[in-house]
Amino acid sequence: MSKEPDRIFAQPLTQVPDFAFNEDVVRVFPDMIKRSVPGYPTIVENLGVLAAQFARPDSVLYDLGCSLGAVTQALRRHVRTEGCKVIAVDNSAAMVERCREYLNGQNSMFQELLPVEVIEGDILALAFEPASVVALNFTLQFIAPEERLALLGRIRQSLLPGGALILSEKLRFSDPEEHGLLTDLHVAFKRANGYSDLEIAQKRSAIENVMKPDSLEEHRERLLAAGFSKVVPWFQCLNFASLIALP
Ligand SMILES: Nc1ncnc2c1ncn2[C@@H]1O[C@H](C[S@+](CC[C@H]([NH3+])C(=O)[O-])CC(=O)[O-])[C@@H](O)[C@H]1O
Ligand SMILES: O=C(O)C(=O)Cc1ccccc1
């Protein structure tokens, strides 16, 4: 994995462009996500542990919005169920190219890894195969809000009995005091990880038009509306959380 540090927003920009998952971001992505998302390493590793409990024989495990394939790699470390394959999907050509390099490197080093297919494409246009695990690890927040319910409905329809959707997201909070406190604490987390106030401010304006977080209540209601029967939060660190949704 690339160890290059994230300095994307370190210099003052006259106009901050909308955030995009381009070559520059791909190069620093492992550093960026670890220093920006509290709990990210814990979520990714344990997503593999959870997935191993829900994986059904001869089914598909989806990693939707796979970026560099961190979740796919956790699935490969933990899932031992017969006949499973991973389908990892991302619509950033730069991400997919690097993701394939990492996964091919693993294939050549280890035998008996779950087979993985990496697809460059829009998850909104995907024809889902019967799946036992679907991971949306910090991806739904980048999908246009009006598309989210229909996407979750299609995921629900593809899920086999005993399977699960694992959904991780940045949260917004309907209570202004709670929202303000957790936003401030997230800024403190980023500062503690070496980001300057300028980097934090410029990143905030880069993501505000492209990343629209929902509240936990909105997630729960939409998942139930999409046909899920139960929504169980299993992790929260500051304003980042992960939920299990059962079919
Ligand atoms: N419509 C779409 N179709 C496919 N991919 C998309 C779409 N929209 C956005 N993406 C992709 O979703 C990913 C979101 S990052 C996921 C981290 C990863 N899951 C991880 O666990 O490391 C989250 C973050 O950076 O905060 C990017 O790679 C986008 O290209
Ligand atoms: O950096 C932030 O403030 C975030 O909310 C998380 C994030 C992480 C990586 C890319 C875009 C957003």
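Count residues from 1 along the sequence. As the structure lists them, so they are numbered: ligands from 1, and atoms in each ligand from 1.
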Could you check [atom] against the protein and tell me its nearest heavy-atom contact, residue, atom and distance included?
atom: atom 10 (N) of ligand 1; result: Asn91 OD1, 3.5 Å
atom: atom 17 (C) of ligand 1; result: Ser67 OG, 3.3 Å
atom: atom 24 (C) of ligand 1; result: Phe142 CE1, 3.6 Å
atom: atom 21 (O) of ligand 1; result: Asn137 ND2, 2.8 Å

- Item | Heavy-atom side-chain proximity of His219 to Val231 below 4.5 angstrom | no
- Query: Is Leu152 close to Leu165 at the side-chain level, that is, under 4.5 Å between some pair of heavy atoms?
  - Reply: yes
In terms of atom number and element, which parts of ligand 1 are under 4.0 angstrom from non-hydrogen atoms of [X]?
X: Ser92; answer: 30 (O)
X: Gly121; answer: 3 (N), 4 (C)
X: Val71; answer: 21 (O)
X: Gln141; answer: 26 (O)
X: Asp122; answer: 1 (N), 2 (C), 3 (N)

- Could you label the plane-to-plane angle of the Phe128 and Tyr62 rings as parallel, tilted or perpendicular, counting under 30° as parallel and over 60° as perpendicular? perpendicular
- Evaluate the ring planes of Phe21 and Phe19, with Trp represented by its six-membered ring, and classify them as parallel (under 30°), tilted (30 to 60°) or perpendicular (over 60°). perpendicular
- Please confirm whether the backbone N or O of Leu103 pairs with a side-chain atom of Glu101, one donor and one acceptor, at under 3.5 Å? no
- Please state which part of Ile143 comes within less than 4.0 Å of ligand 1, counting heavy atoms only: side chain, backbone, both or neither. side chain
- Do NZ/NE/NH1/NH2 and the carboxylate oxygens of Lys190 and Glu199 come within less than 4.0 Å? no
- Does a side-chain N-to-carboxylate-O contact under 4.0 Å join Asp31 and Lys34? no
- Query: For atom 22 (O) of ligand 1, which of Tyr40, Phe21, Phe138, Phe240 has the closest heavy atom?
  - Reply: Tyr40
- Message: If you take the nearest heavy atom of each of Leu47, Ile123, Asp90, Thr72, which one is closest to atom 28 (O) of ligand 1?
- Response: Asp90
- Would one find an N or O of Val44, backbone or side chain, under 3.5 Å from an N or O of ligand 1? no
- Heteroatom distance test (Gly65, ligand 1): nitrogen or oxygen, under 3.5 angstrom: yes
- Task: Evaluate side-chain contact (heavy atoms from CB on, under 4.5 Å) for Leu64 paired with Leu126, printing each intermediate quantity in order.
- Result: CA-CA 10 Å; Leu64 302 179; Leu126 200 62; 3.9 Å; yes
Note every protein N or O atom lying under 3.5 Å from an N or O atom of ligand 2, pairing the names and giving the distance.
unit_1: ligand 2; atom_1: 1 (O); unit_2: Lys190; atom_2: NZ; d: 2.7
unit_1: ligand 2; atom_1: 1 (O); unit_2: Lys203; atom_2: NZ; d: 2.7
unit_1: ligand 2; atom_1: 3 (O); unit_2: Lys190; atom_2: NZ; d: 2.8
unit_1: ligand 2; atom_1: 5 (O); unit_2: Lys170; atom_2: NZ; d: 2.8

